[in-house]
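Report on one structure; see the data block that follows.
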Amino acid sequence: MPSGGAGMPAGKTGNHFRVSPTCRSESTNMANKVRVRIAPSPTGNLHVGNARTALYNYLFARQQGGTFILRIDDTDAKRSTEKDIDGVLVSFRWLGLEWDEGFAAGGDYGPYRQSQRRDLYDGHVQQLLAQGQAYRCWCTPAELDDMRKAAQKQRRPFRYPQTCLHLSAAERAAKERSGDPFVVRFLSPSESTVDFTDLVRGDLSVEASELDDLVIVKADGMPTYNFASVVDDSHMDITHVIRGADHLYNTHRQIPIARALGFSLPAYAHLPLLTNPDRSKLGKRSGAVLVGDYASQGYLPEAVVNFLAFLGWNPGTTQEVFSLAELIEAFSLERVNRANAVFELQKLVWLNGVYIRGLPVAELADRCIPFLADAGLVDPADIDRDYLNGAVELEQERLKNLAEAPEALDFFYAEDVTPEARLLVAKKQTPADSLRALEQTLARLRGLDSWELATIEACLRGLAADLGWKAGQLFMPIRVAVTGKTATPPLFETMVALGRERSLSRMSKAIDAFTGAVAELA
RNA sequence: GCCCCCAUCGUCUAGUGGACUAGGACACAGGCCUUUCAAGCCUGAAACGUGGGUUCGAUUCCCGCUGGGGGCGCCA
């Protein structure tokens with residue numbers, strides 16, 4: 001038995017659970033250490049909505065001194081490969097959400113893959129069958145589909161008509177002898193309502209008559225999500241189920257199953273959904289919705305975490321920037337919102353800049369290297385770190401994300417910058433005068449006996465004064481000559497970072513090219 | 001269609017019957033700083049969906065309406 005070690009703790013008798021509307025959160029065993037889980041299905045990558053859910057589970061566990069568990073919900077045999085699982089794990093790790101127990105981490109409640117817990121589920125199915133709270137059903141998917149369509153046509157809600165529940169003994173015997181595939185259905189509760197108190201939303205209630213007999217075991221013998229989850233959450237001693245509000249209805253369906261099995265219930269907290277700008281559920285076709293997309297677009301995991309944390313929760317203070325450690329301290333389920341949150345990137349863009357500016361230069365450089373290497377600007381095996389750090393330092397407050405690094409830093413690495421001649425013309429000056437100014441600049445720069453910020457500045461400001469030009473008039477053409485661009489970090493710092501050789505040779509080349517173009521520009 | 005949930009600036013949100021001329025952040029606009037671009041600083045514009053109650057008094061409580069969302073699978 002896969003999770004035999006878990007057993008069923010004493011006290012898990014469920015006897016303090018009633019069907020009445022008075023079933024509240026105190027019915028959970030609060031004395032137990034907090035145990036929460038994130039249970040992704042192996043889809044190859046992590047959706048930001050699941051990432052947010054995982055984050056809240058993580059924060060809650062850490063804050064409560066509890067355990068954060070990762071379970072793989074892979075009851076759908078059609079999609080479940082090692083590679084797909086790995087894709088999910090990579091994103092959790094990138095975000096920094098380390099799990100204490102579960103898949104790839106071990107623990108006393110394993111295995112942590114539902115596909116490997118068949119025996120456990122089978123046992124509980126037998127129990128329900130024996131209790132008369134579940135029954136076999138031979139209706140085929142095609143038949144059900146027809147019934148659904150018919151119901152829709154009559155504009156009536158579809159509910160399974162319990163055909164196979166009401167089979168005569170003879171009919172049932174015949175079906176069983178036939179060897180035809182069957183599913184197992186849970187007999188929906190006879191109580192009037194199914195109620196629970198949600199930690200975020202308060203008292204929730206659904207008429208039991210709304211719940212039809214849902215399939216708990218598929219024809220291939222695998223349990224369905226709603227069944228396996230209930231069994232695992234109980235056997236893994238999960239104390240709090242924190243998940244998206246899209247599971248609200250599932251909770252009403254899972255509670256009767258848990259009760260029929262004699263399980264005590266965890267506390268539930270349903271998080272508001274993340275939506276598209278049009279308020280529809282954030283789906284696969286909604287632009288960048290995978291954590292991996294944000295990594296490759298140059299967002300920092302700490303920014304993504306901070307951003308995600310604030311989608312549906314806030315600390316009640318005006319602080320906006322939170323490290324993971326600070327989030328752990330400040331987080332509380334009580335302050336989770338009920339209304340859906342639009343997944344808008346503008347704040348993430350800003351936060352990302354905040355985190356980039358807050359990084360030590362060397363670390364920012366480290367994080368830029370993969371992007372620079374991809375763009376062919378640097379060879380990771382052979383990097384002049386001092387030069388790179390100098391360049392990164394100058395661009396640090398200009399970078400909104402790492403993916404911009406190649407474009408921002410390209411002139412530090414380009415062989416030639418080939419500035420446009422017309423950009424070498426100083427503001428309110430003629431091309432000829434501009435050319436002369438550049439020539440004088442080069443001459444004076446060559447005469448400098450040190451290549452330092454103060455020296456260069458004194459030199460260029462002095463020249464501007466001698467020329468009777470405003471500083472900016474002179475600096476822009478030099479900037480363009482040296483970098484090829486009109487928007488760069490401050491000129492003197494840039495020239496220092498580039499170094500004397502590069503700076504002077506670029507100026508010289510620019511002057512040569514400019515000389516040939518002056519006539520046309522005039 | 002049926003069931004459930006939700007509702008404050010464009011967006012994320014504070015607010016828990018009077019301290020609200022409704023606060024903060026992002027984005028936006030203007031200004032300052034300035035060798036360009038950023039960063040930073042200052043200022044501005046910008047919201048309680050609607051109709052009824054309850055109350056001396058509602059953004060806050062209740063009901064209806066409207067609007068939005070979710071669910072209604074042998075997916076999870």
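Bear in mind the structure is a predicted one, so any value in this text is a computation, not a measurement. Each chain gets a letter, A, B and so on, in the order its sequence line appears, and its residues count up from 1.
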Between A:Phe475 and A:Phe492, ring centroids under 6.0 Å: yes
Does any part of the side chain of A:Leu248, heavy atoms only, come nearer than 4.5 Å to the side chain of A:Arg201, both counted from C-beta? yes
Would you mind classifying the nucleic acid contact of A:Leu204 as base, sugar-phosphate or nothing, using non-hydrogen atoms under 4.0 angstrom? sugar-phosphate
Donor-acceptor pair, side chain of A:Gln133 and main chain of A:Leu187, under 3.5 angstrom: no
For a quick check of understanding: with a heavy-atom distance under 4.0 Å over all strands, which category does A:Arg335 fall into, base, sugar-phosphate or nothing? sugar-phosphate
Counting Watson-Crick and G-U wobble pairs only, both distances under 3.5 Å, name the nucleotide matched with B:G18, or none. B:C56
B:C28 pairs with, by Watson-Crick or G-U criteria that keep both distances under 3.5 Å: B:G44
Does A:Lys400 make a side-chain N or O approach to OP1 or OP2 of B:C37 shorter than 4.0 Å? no
Partner of B:A7 by Watson-Crick or G-U wobble geometry, both contacts under 3.5 Å, or none? B:U66
For the base of B:A76, is there a side-chain donor-acceptor partner from A:Asn250 under 3.5 Å away? yes
Any base atoms under 4.0 Å from A:Thr318, or only sugar-phosphate, or nothing? Heavy atoms, all strands. sugar-phosphate
Roughly how far apart, to the nearest Å, are B:A27 and B:G40 at atom P? 9 Å
Short side-chain N/O contact to B:A14 OP1/OP2 from A:Asn337, under 4.0 Å: yes
What integer number of Å spans the C1' atoms of B:C6 and B:G49? 13 Å
So for A:Arg398 and B:C37, does any side-chain atom that can act as donor or acceptor lie under 3.5 Å from a complementary atom in the base? yes
Between the side chains of A:Thr251 and A:Arg243, is a donor N or O closer than 3.5 angstrom to an acceptor N or O? yes
State whether A:Arg156 places a side-chain N or O below 4.0 Å from either non-bridging phosphate oxygen (OP1 or OP2) of B:C2. no
Categorize A:Arg338 for me: base, sugar-phosphate, or nothing, with a 4.0 angstrom heavy-atom threshold over every strand shown. sugar-phosphate
Please measure how far the C1' atom in B:U60 lies from the corresponding atom in B:G23, and state the result in whole Å. 15 Å
Polar side chain donor-acceptor pair, A:Asn57 to A:Arg37, under 3.5 angstrom: no
Under 4.0 Å, counting only non-hydrogen atoms across every strand here, what does A:Gly244 touch: a base, just sugar-phosphate, or nothing? nothing
Contact class for A:Leu311 (heavy atom, under 4.0 Å): base, sugar-phosphate, or nothing? sugar-phosphate
Which whole number of Å gives the distance between the P atom of B:A29 and that of B:A7? 32 Å
Between A:Lys218 and B:C75, is there a side-chain N or O to OP1/OP2 distance below 4.0 Å? yes
Base, sugar-phosphate, or nothing: which does A:Ser205 touch, judged by heavy atoms less than 4.0 Å apart? sugar-phosphate
Categorize A:Ala341 for me: base, sugar-phosphate, or nothing, with a 4.0 angstrom heavy-atom threshold over every strand shown. sugar-phosphate
Considering Watson-Crick and G-U wobble pairs with both distances under 3.5 Å, what does B:G1 pair with? B:C72
Across all strands, who's sitting opposite B:C33 as a Watson-Crick or G-U wobble pair, both distances under 3.5 Å? none
Determine the contact category for A:Val183: base if any of its heavy atoms lies under 4.0 Å from a base atom, sugar-phosphate if only primed atoms, P, OP1 or OP2 are that close, otherwise nothing. base
Note: for A:Leu144 and A:Pro489 on RNA chain B, the residue whose nearest nucleotide lies more 5' is A:Pro489
Within the structure, does a side-chain N or O atom of A:Arg279 lie under 4.0 Å from either OP1 or OP2 of B:C5? no
For B:A14, does OP1 or OP2 lie under 4.0 Å from any side-chain N or O of A:Asn314? yes
Pairwise P distance for B:A19 and B:U59, with rounding to whole Å: 10 Å
B:G24 versus B:C5 - spacing of their P atoms, nearest Å: 34 Å
Need one value for A:Phe492: base, sugar-phosphate or nothing, where a base atom within 4.0 Å counts as base even if backbone is also close, heavy atoms only. base
Sticking with atom C1', work out how far B:C33 lies from B:A14, rounded to a whole angstrom. 32 Å
